[in-house]
> 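I have a structure I would like to understand better, so I am pasting it below and will then ask my questions one at a time.
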Amino acid sequence: MAWMSSGSSNAALIKNLASNGLITSERVKNAMLSVDRAHFSPYAPYTDSPQTIGHSATISAPHMHASAAESLLPYIHPSARILDIGSGSGYLTAVLAALVGPQGKVVGIDHIQGLVDLANKNMGKSEQGREWMKDGRVKFVKGDGRLGYKEGAEEEGGEGWDAIHVGAAAKEAHPVLVEQLKRPGRLFIPVGDSSQYIWVIDKKEDGTVTREKSMGVRYVPLTDAPKD
Ligand code: SAH
């Protein structure tokens with residue numbers, strides 16, 4: 001299924017993903033059309049497969065980015081705050097930024113400084129990306145994503161996130177990430193070792209939490225930071 005959606009341009013790739021049923025939402029389609037993967041993926045950007053980006057990391061396949069964005073979509077309103085853990089190339093961070101409005105905020109966090117620098121560089125390749133970095137819609141930070149990221153006042157606990165995306169496989173759905181969700185909020189997280197599944201974890205308005213095991217996947221692991 002993956003390779004079938006490859007195209008010779010960004011527009012052709014997105015069109016093929018949509019005609020193969022891998023993008024079903026018009027909002028996600030438009031967001032992915034507005035972000036050129038070539039700015040984030042140095043090799044074969046329009047192939048529907050993961051590609052190396054250095055530092056032992058990969059940019060995920062386009063159909064996985066589409067699937068994550070579609071899963072989080074009900075929580076992505078114009079002023080939504082989104083955390084992208086394991087932001088790597090910064091591609092999905094950019095797509096999520098295209099989905100929120102000017103009042104929204106997307107923070108990408110990665111534990112490798114070289115990748116934080118790369119994401120900033122990639123985002124700076126387009127007028128749109130430069131504007132988002134300037135007006136604060138997008139920000140990349142270095143840190144251990146297993147701890148989430150706190151920002152904003154709200155009794156020192158941070159403002160919380162409407163949506164959290166995790167782009168590397170976790171050993172468990174870290175409770176601290178669920179804690180950092182707003183009510184309502186959604187966490188999209190691959191969990192597992194040799195066998196991994198996406199878990200979609202929702203915190204409802206009354207604070208109750210539901211967990212749904214979704215598709216089987218293959219992600220690089222969420223790890224300790226490499227020694228410099
Ligand atoms: N969403 C990214 C995926 C990059 S691969 C993209 O499509 O480009 C997974 C990323 O997770 C790598 O960049 C890796 O450095 C990062 N990562 C692994 N463990 C981490 C941790 N504990 N905290 C933050 N980032 C981590």
Side-chain angles (χ1 to χ4, degrees), residues 2 5 10 13-14 17 22-23 28 31-32 35-72 82-99 106-125 129 138-151 161 163-177 180 187-193 196 198 217-228:
S5 301
N10 197 58
L13 165 69
I14 308 307
L17 286 166
L22 297 165
I23 299 177
V28 169
M32 289 180 72
V35 178
D36 190 344
R37 269 186 88 84
H39 293 169
F40 298 85
S41 178
Y43 312 106
Y46 308 131
T47 302
D48 190 17
S49 66
Q51 302 288 333
T52 178
I53 52 170
H55 304 273
S56 309
T58 52
I59 175 170
S60 302
H63 70 272
M64 276 314 305
H65 286 140
S67 157
E70 295 219 331
S71 171
L72 294 173
I82 308 176
L83 182 63
D84 181 21
I85 296 175
S87 45
S89 67
Y91 172 79
L92 186 66
T93 322
V95 170
L96 295 169
L99 286 166
V106 189
V107 176
I109 182 167
D110 205 288
H111 65 169
I112 298 180
Q113 185 62 48
L115 288 170
V116 173
D117 296 343
L118 178 72
N120 274 310
K121 184 173 152 215
N122 292 341
M123 192 69 77
K125 290 179 185 169
V138 169
K139 178 168 107 174
F140 293 101
V141 297
K142 183 187 173 205
D144 186 346
R146 292 171 295 193
L147 307 176
Y149 184 70
K150 284 187 178 174
E151 192 183 53
W161 305 100
I164 301 179
H165 169 263
V166 185
K171 289 210 163 55
E172 55 165 333
H174 301 287
V176 68
L177 301 182
Q180 288 180 21
L187 168 64
F188 178 102
I189 183 168
V191 180
D193 241 324
Q196 305 171 358
I198 296 292
V217 287
R218 262 191 100 82
Y219 279 72
V220 299
L222 207 53
T223 60
D224 290 336
K227 301 259 178 297
D228 291 327

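A quick note: this is a predicted structure, and the numbers were derived from the prediction, not measured. Any value given below was found using the heavy atoms of this structure, including those in side chains, with hydrogens, waters and symmetry copies removed. Whatever order the structure lists them in is the order used to number ligands and atoms, beginning at 1.
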> Between the side chain of D110 and the main-chain N/O of V116, is any donor-acceptor distance below 3.5 Å?
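Answer holds: no.
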> Looking at R146, which atoms of ligand 1 are within less than 4.0 Å of one of its heavy atoms?
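Selected atoms, number and element: 22 (N).
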> What protein heavy atom sits nearest atom 15 (O) of ligand 1, and how far away is it?
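Here the closest protein heavy atom is D110 OD1, 2.7 Å.
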> Say you draw a straight line from CD1 of I53 to OG of S60; how long is it, rounded to the nearest 0.5 Å?
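If I round to the nearest 0.5 Å, the distance is 8.5 Å.
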> Could you identify the single nearest non-hydrogen protein atom to atom 1 (N) of ligand 1 and state the distance to 0.1 Å?
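Closest protein heavy atom to atom 1 (N) of ligand 1: G86 O, 3.2 Å.
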> Heavy atoms only, cut-off 4.0 Å: how does S60 contact ligand 1, side chain, backbone, both, or neither?
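Both of them.
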> I'd like to check whether Y91 has a polar contact with ligand 1, where a contact means an N/O of the residue lying under 3.5 Å from an N/O of the ligand.
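Such a contact does not occur with ligand 1.
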> When you measure from the side chain of K125 to the backbone of H39, do you find a donor-acceptor pair of N or O atoms at a distance under 3.5 Å?
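Yes, K125 side chain to H39 backbone: donor-acceptor pair under 3.5 Å.
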> Could you check atom 21 (C) of ligand 1 against the protein and tell me its nearest heavy-atom contact, residue, atom and distance included?
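I find the closest protein heavy atom is H111 ND1, 3.5 Å.
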> With a 4.0 Å cut-off on heavy atoms, is I85 touching ligand 1?
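Not so, I85 does not reach ligand 1.
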> Of the protein's non-hydrogen atoms, which lies at the shortest distance from atom 23 (N) of ligand 1, and what is that distance?
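For atom 23 (N) of ligand 1, the nearest protein heavy atom is G145 N, 2.8 Å.
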> Can you confirm whether more than 12 heavy atoms, excluding those of K121, are under 6.0 Å from its NZ atom?
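No, because the 6.0 Å sphere around NZ of K121 holds 12 heavy atoms or fewer from other groups.
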> Would you mind listing which atoms of ligand 1 come within a distance below 4.0 Å of any non-hydrogen atom of G167?
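Answer for ligand 1: 3 (C), 9 (C).
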> Output the distance between atom CG (L83) and atom CG (L177), rounded to the nearest 0.5 Å.
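L83 atom CG to L177 atom CG measures 8.0 Å (nearest 0.5 Å).
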> Which atoms of ligand 1 sit under 4.0 Å from any heavy atom of I59?
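Counting atoms of ligand 1 from 1, those under 4.0 Å from I59 are 6 (C), 7 (O), 8 (O).
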> Under the side chain to side chain donor-acceptor pair (under 3.5 Å) criterion, do Y46 and D36 qualify, and how do the steps go?
CA-CA 9 Å; Y46 308 131; D36 190 344; 2.7 Å; yes
> With distance as the sole test, does Q196 use its side chain to make a donor-acceptor pair with the main-chain N or O of Y219 at under 3.5 Å?
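Such a contact is found between Q196 side chain and Y219 backbone.
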> Quick check for you: to the nearest 0.5 Å, what is the distance between L115 atom CG and F140 atom CZ?
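Rounded to the nearest 0.5 Å, the CG-CZ separation comes to 10.5 Å.
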> Looking at A57, which atoms of ligand 1 are within less than 4.0 Å of one of its heavy atoms?
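Numbered from 1, ligand 1 contributes 12 (C), 13 (O).
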> Which one holds for S89 and ligand 1: side chain close, backbone close, both close, or neither close, with close meaning a heavy atom under 4.0 Å?
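The answer is both, backbone and side chain.
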> Looking only at distances, can you tell me whether any N or O atom of H165, backbone or side chain, sits closer than 3.5 Å to an N or O atom of ligand 1?
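N/O-N/O distance below 3.5 Å does not exist for this pair.
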> Indicate whether the side chain of D84 and that of H165 have a donor and an acceptor atom separated by less than 3.5 Å.
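There is such a pair between these side chains.
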> Where's the contact between P221 and ligand 1, heavy-atom distance under 4.0 Å: side chain, backbone, both or neither?
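Near ligand 1, P221 shows its backbone, while the atoms from C-beta on stay back.
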> As a quick check of understanding, evaluate side chain to side chain donor-acceptor pair (under 3.5 Å) for R37 and H65, giving each step before the final call.
CA-CA 11 Å; R37 269 186 88 84; H65 286 140; 3.0 Å; yes
> Classify the side-chain pair S89/N122 by whether it contains a donor and acceptor separated by less than 3.5 Å.
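Their side chains do not contain a donor-acceptor pair, so the 3.5 Å distance test is not met.
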> Give me the nearest non-hydrogen protein atom to atom 19 (N) of ligand 1 as residue plus atom name, then the distance to 0.1 Å.
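Residue, atom and distance for the closest contact: T223 N, 3.0 Å.
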> Closer than 4.0 angstrom: is that true for some heavy atom of H65 and an atom of ligand 1?
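The answer is yes, since H65 has a heavy atom less than 4.0 Å from ligand 1.
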> For the pair W161 (side chain) and Y149 (backbone), establish whether a donor and an acceptor sit closer than 3.5 Å, ignoring hydrogens and angles.
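Pair found, side chain donor or acceptor close to backbone of Y149.
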> Are D48 and H63 close enough that a side-chain donor and a side-chain acceptor fall under 3.5 Å?
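Their side chains do contain a donor-acceptor pair, which is all the 3.5 Å distance test asks for.
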> Considering only heavy atoms of D144, which atoms of ligand 1 have at least one such atom less than 4.0 Å away?
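Taking each heavy atom of D144 in turn, ligand 1 has 21 (C), 22 (N), 23 (N) under 4.0 Å.
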> Hey, is V220 one of the residues with a heavy atom under 4.0 angstrom from ligand 1?
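Per 4.0 Å heavy-atom rule, V220 contacts ligand 1.
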> Using a 4.0 Å cut-off to any heavy atom of L115, which atoms of ligand 1 qualify?
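Taking each heavy atom of L115 in turn, ligand 1 has 13 (O), 15 (O) under 4.0 Å.
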> Ignoring hydrogens, just give me the one of T58, L147, T52 whose non-hydrogen atom is nearest atom 4 (C) of ligand 1.
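That would be T58.
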> Any heavy atom of G143 sitting closer than 4.0 Å to ligand 1?
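Right, G143 reaches ligand 1.
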> Identify, by atom number and element, the atoms of ligand 1 in contact range of I112, meaning under 4.0 Å from any of its heavy atoms.
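That gives atoms 15 (O) of ligand 1.
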